Amino acid sequence: MTSKPNTPLLDQVNLPSDLRLIDDKDLPQFARELRDEMIDAVSVTGGHLGAGLGVVELTIAIHKVFNTPEDRLIFDVGHQCYPHKIITGRRDRIRTLRQEGGLSGFTKRAESEYDPFGAAHSSTSISAGLGMAVAAELGKTERNVIAVIGDGAMSAGMAFEALNNAGALDARLIVILNDNDMSIAPPTGAMSAYLARLASGRTYMGMREIGKKLTAYLGKNIDRAITRAVEHARGYVTGGTMFEEMGFYHIGPIDGHSFDHLLPVLRNVRDNSKGPVLIHVVTQKGKGYAPAEAAADKYHGVNTFDVITGAQAKAKPNAPSYTAVFADALVEEARHDDKIVGITAAMPSGTGLDKLHELFPERTFDVGIAEQHAVTFAAGLASEGYKPFCALYSTFLQRGYDQVVHDVAIQGLPVRFPIDRAGFVGADGPTHAGSFDVGFLASLPGFVVMAAADEAELKHMVRTAAAYDDGPISFRYPRGEGVGVSMPERGEILPIGKGRVMKEGTKVALLSFGTRLAECLLAAEDLDAAGLSTTVADARFAKPLDVDLIRQLARHHEVLVTVEEGAIGGFGAQVLHLLANEGLLDHGLKIRSLALPDAWVDQAKPDVMYQQAGLDAKGIVETVFKALGQKQIGLGVVG
Ligand SMILES: Cc1ncc(C[n+]2csc(CCOP(=O)(O)OP(=O)(O)O)c2C)c(N)n1
């Protein structure tokens, strides 16, 4: 491209087809501009910063060499795709990232033809890519499929299942392993140690070795840049790596910030490869932004921040976060009971287990991004008399569901499941919403399923779970801070399957499960003021249900409303099932069930999301009035 003088190169690129017109030699300049644009955008939206900064050159090189979107490019997790979004026609909306009505913070099929596969949960890219590669072969379509996967994501079983299958199918798939030696926290496990051994103590694979390997493999058409570079080569030969044993042609490690390395390798693989290829690319998370490079977490996820200083905005908290309350309560219980152990799947700070690790490192296990394994590992510990707290986010527990059923529940093993991020999570959108745990756990025989109404309740539930040894038990709590209630010194052991009545009335009963309790209490004030005497109860348990309490509410009220922050099929469904089978619906009880909508709800502020779902005080009041066939005018009631 003959660049227009004084016009930033970035302004000349709306789509990858524009990028392909830029000279290779100008790409470092383009990368600088793209990086600056990304930093500026994330400084106003917040979001995932470190991962995207690390793949600026890689993203440019892939779009420059491959014919996207005809060639399929899949980003694992998708949190590193902001540079990709900027150069695939979404730059004008990049400052709407993760905002209501704006761009998703992950790849999303509905958003762009350049996102052929949506993600947010990790380690899916090789499977999806293999499916696409096989589809291309079946359809006799000439197309490249490229899956970019991080070293953290590569630690999950699913990635290995896909590698194993790809090697056997000999499909034409290109896997780019983006090795920055970081997950959210430093990666753990033998796999990361193995990758570190491949990449450490040596320089990157030299151009000569790249040339040798490619010549041996591809036989012909080696890019002349590689041949010319032979005399400058340092390099080493990696030998038979694990990936090679699995049927992949393995190239690397190569410098993922050097266009001189990336472009010739990608071009040769594009033009000559036949079967599965794995390109091991070494990058630096947070590259090119000093505060990110210096931070321990490489600015994996950030609030809005000041670009000059890197200082992130911090809202003054009114109350401790649920995660912090859980973490402190667990540490307290662990002091009293040396059988208590904690398990996290690559989220030590997100789940608060880093606090347990500080005091009891030998009783805290970060198993990597491996939720399935985390659950069965916990089951093994429980089978030997330990008291494992397998702390996962609701959305990631989904991945370990068969293990929950088969390895934990059927055997009645006392694994404790603290379930963080239950309910709407805000900016991360539908892939991260904690919607389904109550439904999928309360349907399992013998499971105890709790939800905390506030942070003091959470403390009680940690203690209750520590004390309960008769089978699996879970307790859910949301993202964000508590409601500011006064906290007990130590949690109490709650009676299993017993709720509590917060306030007694005669006409309307609101039965809450979880942190909507505060909204129910507000709604009750309005209903009382409108002359509708209202009872509010906190169920605490979705399983076993407090049958006496529910019978009593159903018999002595005209309206009963269940309220929860979970999908249809959860707590309300359990209550309805009980009432139906006991004949308590036969005498005109007006029952309504408020749950999350039966829809994938895009990102927004959680308060807005709950309001739209009718799960705030106003929505609850409206539901009661509708049930009574009445309209509300001011605070009075019109029949
Ligand atoms: C199944 C699943 N578990 C946990 C997460 C949370 N998570 C998001 S990114 C990430 C780290 C990914 O590390 P890596 O693949 O190395 O990518 P990097 O951020 O270093 O580029 C984790 C644990 C997830 N997205 N999916």
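Predicted model only: the values in this text are computed from it and were never measured.
- From Asp602, atom CG reaches atom CD of Glu111 across 9.0 Å, with rounding to the nearest 0.5 Å.
- Within a 6.0 Å sphere centred on CG of Leu138, heavy atoms belonging to other residues, nucleotides or ligands number more than 12.
- Put simply, the side chain of Tyr610 reaches to within 4.5 Å of the side chain of Leu596, judged on heavy atoms.
- Remark: the backbone N or O of Val375 is not paired with any side-chain donor or acceptor of Gln403 at under 3.5 angstrom.
- Between Pro430 and Val601, the closest heavy-atom pair is CD-O, 3.3 Å.
- Under the 30°/60° scheme for interplanar angles, the aromatic rings of His432 and His121 are found to stand perpendicular.
- In this structure, Met158 CE and Ser127 OG are separated by 3.5 Å, a value rounded to the nearest 0.5 Å.
- A salt bridge links Arg35 with Glu57: at least one charged nitrogen is closer than 4.0 Å to a carboxylate oxygen.
- What you find for Phe66 and Ile146 is that their closest heavy atoms are CG-CD1, 3.6 Å.
- Between the side chains of His63 and Thr68, at least one donor N or O lies within less than 3.5 Å of an accepting N or O.
- Within the 3.5 Å criterion, the main-chain N or O of Phe396 finds no donor-acceptor partner in the side chain of Arg421.
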(message) Would Lys85 and Ile94 count as a side chain to side chain contact (heavy atoms under 4.5 Å, CB included) here? Give the steps.
(response) CA-CA 7 Å; Lys85 291 202 178 198; Ile94 201 66; 4.0 Å; yes
(message) Apply salt bridge (Lys or Arg N to Asp or Glu O under 4.0 Å) to residues Asp40 and Arg95 and explain how you reach the verdict.
(response) CA-CA 9 Å; Asp40 189 71; Arg95 285 164 186 76; 2.9 Å; yes
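- Tested against Asp115, the residues Arg90, Lys108, Arg109, Arg72 include a single side chain to side chain donor-acceptor pair (under 3.5 Å) partner, Arg90.
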(request) Test Leu49 against Met38 for side chain to side chain contact (heavy atoms under 4.5 Å, CB included), laying out the working first. (result) CA-CA 8 Å; Leu49 184 63; Met38 184 191 154; 3.8 Å; yes
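- Side-chain atoms of Asp420 and Thr351 include no donor-acceptor pair closer than 3.5 Å.
- Of the possible donor and acceptor atoms, one in the side chain of Asn268 sits under 3.5 Å from a partner among the backbone N and O of Pro264.
- Between Phe440 and Tyr401, the ring planes are tilted. Angles from 30° to 60° get that label.
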(request) Assess whether salt bridge (Lys or Arg N to Asp or Glu O under 4.0 Å) is satisfied between Lys605 and Glu100, documenting all intermediate values. (result) CA-CA 7 Å; Lys605 298 243 181 301; Glu100 187 177 356; over 6 Å; no
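- Among Val148, Ile279, Asp76, the single residue meeting the side chain to side chain contact (heavy atoms under 4.5 Å, CB included) criterion with Asn178 is Val148.
- Counting heavy-atom neighbours within 6.0 Å of Asp92 CG, excluding the residue itself, gives a total above 12.
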